[in-house]
Amino acid sequence: MTPTVVHFAPLDWAVLAGFVAAVLALGFSARLRQSTMLQFLAAGRTLTLPVFVATLVSTWYGGILGVGESAATFGLGTWLLLGVPYYVFALIYALYFAGRVRKNDQLSLPERLELRWGRGVGLVGAGLVLLLAVPAAQVYMLGVLIQFFTGWAVLPSLLVGALVVTGFLLKGGLLADARVGMLAFVLMYVGFIAIDVYAVARHPVAEIMPALRAHNLLRVTGGVGWIGVISFFMLGAWTLVDPAFHQRVTSSASPDVGRRGVFISILFWMLFDVLSLVAGLYAIALLKSQPSDLVALYPVFGDAILPAGLKGLFFVGMAGTITSALAGYTLVSGATVGREILARLR
């Protein structure tokens, strides 16, 4: 994508600077009680209900820019295709797996596989977990946002984003990630509520309906048909083996916290799906021209419509959830390579 610099006012830059300072302060100030693997990868299994919900919700939305792309592609059907399947399988996880995952001593999926079927299966499982956990999408999306802030080319944007966000993990592990996740949780809702309220107040829903009909974005199935809907539900089943999801449940303070936390997280995911879908539909209806790369739909829309202050808030809301997910999946990826693969081979 050709770099596009966002039109920030001094107030927006102040909001962004405050966000970066808060992320670094929260991440690098995390102090582990002991230098153990349990503390580093699972925060000593002490995540309370509010912290657990905040970090799980924000991590799950690391692909927030992809939601804008999906809204432009599937329209109203985005909720059915990319929302409902994950609610269903998260509900199954909460009902049948969360309590059992927390009760057992093993911290990772490869550990459980090795315990049941031996080291070979554990290694295969670790390889598959690594494929799921590599945060390539989050690195790319954070790079897109950094391009908007700086106008840099894609490579330095990717490198700076990845290094800055993951640096605090070396010291604080999951505890540092959870602290940043709480900030991201607040900002993601505040940012999208701000852009939705601002857009709806100036352009009532009835005003954008003709444009949405013209783009065929009001179909419940998103235009993929019911076979396509079933396929998206099958894709949603990966929730049951998502390594970051598993890590947070096994790090909860108790089996009850893990189980109730997933239930509460589903409600927050439903709310945020509505907020992000509204923003995406308004972006399609109001933008005179869409960006060549639809991953940039939200940033372009926010830059075009929001006034000073709210614009900065919206951008840090997107950056926060990407940052939280990038840190979480980087931690899982690193642990999988070092602890689950190399250690087993040695």
Side-chain angles (χ1 to χ4, degrees), residues 19 22-62 86-87 90-109 111-112 133 165-166 168-190 239-240 242-272 317 320-332 335:
F19 165 74
V23 167
L24 296 178
L26 289 170
F28 283 103
S29 65
R31 295 287 186 272
L32 300 181
R33 297 178 181 177
Q34 297 173 325
S35 298
T36 64
M37 195 64 68
L38 180 66
Q39 287 288 329
F40 188 79
L41 294 181
R45 288 187 154 181
T46 59
L47 296 185
T48 60
L49 185 62
V51 177
F52 173 82
V53 170
T55 184
L56 184 61
V57 170
S58 60
T59 299
W60 202 239
Y61 276 101
Y86 297 93
Y87 310 151
L91 183 63
I92 293 173
Y93 192 99
L95 290 172
Y96 298 103
F97 299 109
R100 294 160 60 186
V101 165
R102 177 56 182 84
K103 287 179 182 178
N104 293 329
D105 294 331
Q106 295 77 37
L107 299 180
S108 68
L109 290 167
E111 280 186 281
R112 300 179 194 279
V165 168
T166 59
F168 57 75
L169 293 176
L170 295 173
K171 183 178 182 181
L174 182 62
L175 180 60
D177 178 28
R179 288 160 64 92
V180 172
M182 289 188 289
L183 174 65
F185 175 80
V186 174
L187 291 177
M188 62 190 279
Y189 285 93
V190 171
T239 303
L240 301 178
D242 177 70
F245 200 106
H246 181 93
Q247 183 191 36
R248 278 149 181 75
V249 172
T250 198
S251 304
S252 57
S254 69
D256 184 60
V257 167
R259 184 168 48 250
R260 286 195 296 141
V262 176
F263 284 131
I264 296 172
S265 296
I266 294 172
L267 298 178
F268 277 107
W269 289 327
M270 294 174 68
L271 172 60
F272 193 74
T321 183
I322 296 171
T323 297
S324 177
L326 174 56
Y329 282 100
T330 298
L331 181 62
V332 173

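Sequential numbering from 1 along the given sequence is applied to the chain's residues.
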Knowing that exactly one of K103, Q106, E111, R45 qualifies, which makes a side chain to side chain donor-acceptor pair (under 3.5 Å) with T250? R45
More than 12 heavy atoms from other groups under 6.0 Å of CZ on F40: yes
Take atom CZ of F263 as the centre, draw a 6.0 Å sphere, and report whether it contains more than 12 heavy atoms from other residues, nucleotides or ligands. yes
Checking the side chain of [X] only, and the main-chain atoms of [Y] only, is there a donor and an acceptor separated by less than 3.5 Å?
{"X": "Y61", "Y": "F185", "answer": "no"}
{"X": "S324", "Y": "G320", "answer": "no"}
{"X": "T55", "Y": "V51", "answer": "no"}
{"X": "Y189", "Y": "F268", "answer": "yes"}
{"X": "R33", "Y": "G44", "answer": "no"}
{"X": "S58", "Y": "T321", "answer": "no"}

Hey, are D242 and R248 close enough for a salt bridge, meaning a charged N less than 4.0 Å from a carboxylate O? no
R112: salt bridge (charged side-chain N to carboxylate O under 4.0 Å, His left out) partners, not counting sequence neighbours: none
What's the shortest heavy-atom distance between [X] and [Y], and which atoms?
{"X": "Y329", "Y": "A133", "result": "CB-O, 3.3 Å"}
{"X": "T239", "Y": "Y93", "result": "O-CD1, 4.3 Å"}
{"X": "D177", "Y": "A327", "result": "OD1-CB, 3.6 Å"}
{"X": "L41", "Y": "A335", "result": "CD2-CB, 3.6 Å"}

Stepwise, does the side-chain contact (heavy atoms from CB on, under 4.5 Å) test hold for L47 with V257? CA-CA 8 Å; L47 296 185; V257 167; 6.0 Å; no
Contact between F52 and V262 at the side-chain level, heavy atoms closer than 4.5 Å - yes or no? yes
Kindly compute the distance separating OG1 (T59) from CG (L326), expressed to the nearest 0.5 Å. 10.5 Å
F168 side, atom CZ; L26 side, atom CG - distance, nearest 0.5 Å: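 F168 atom CZ to L26 atom CG measures 9.0 Å (nearest 0.5 Å).
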Stepwise side-chain contact (heavy atoms from CB on, under 4.5 Å) test for F97 and V249: CA-CA 9 Å; F97 299 109; V249 172; over 6 Å; no
Any idea how F245 and W269 line up, ring-wise: parallel (<30°), tilted (30 to 60°), or perpendicular (>60°)? tilted
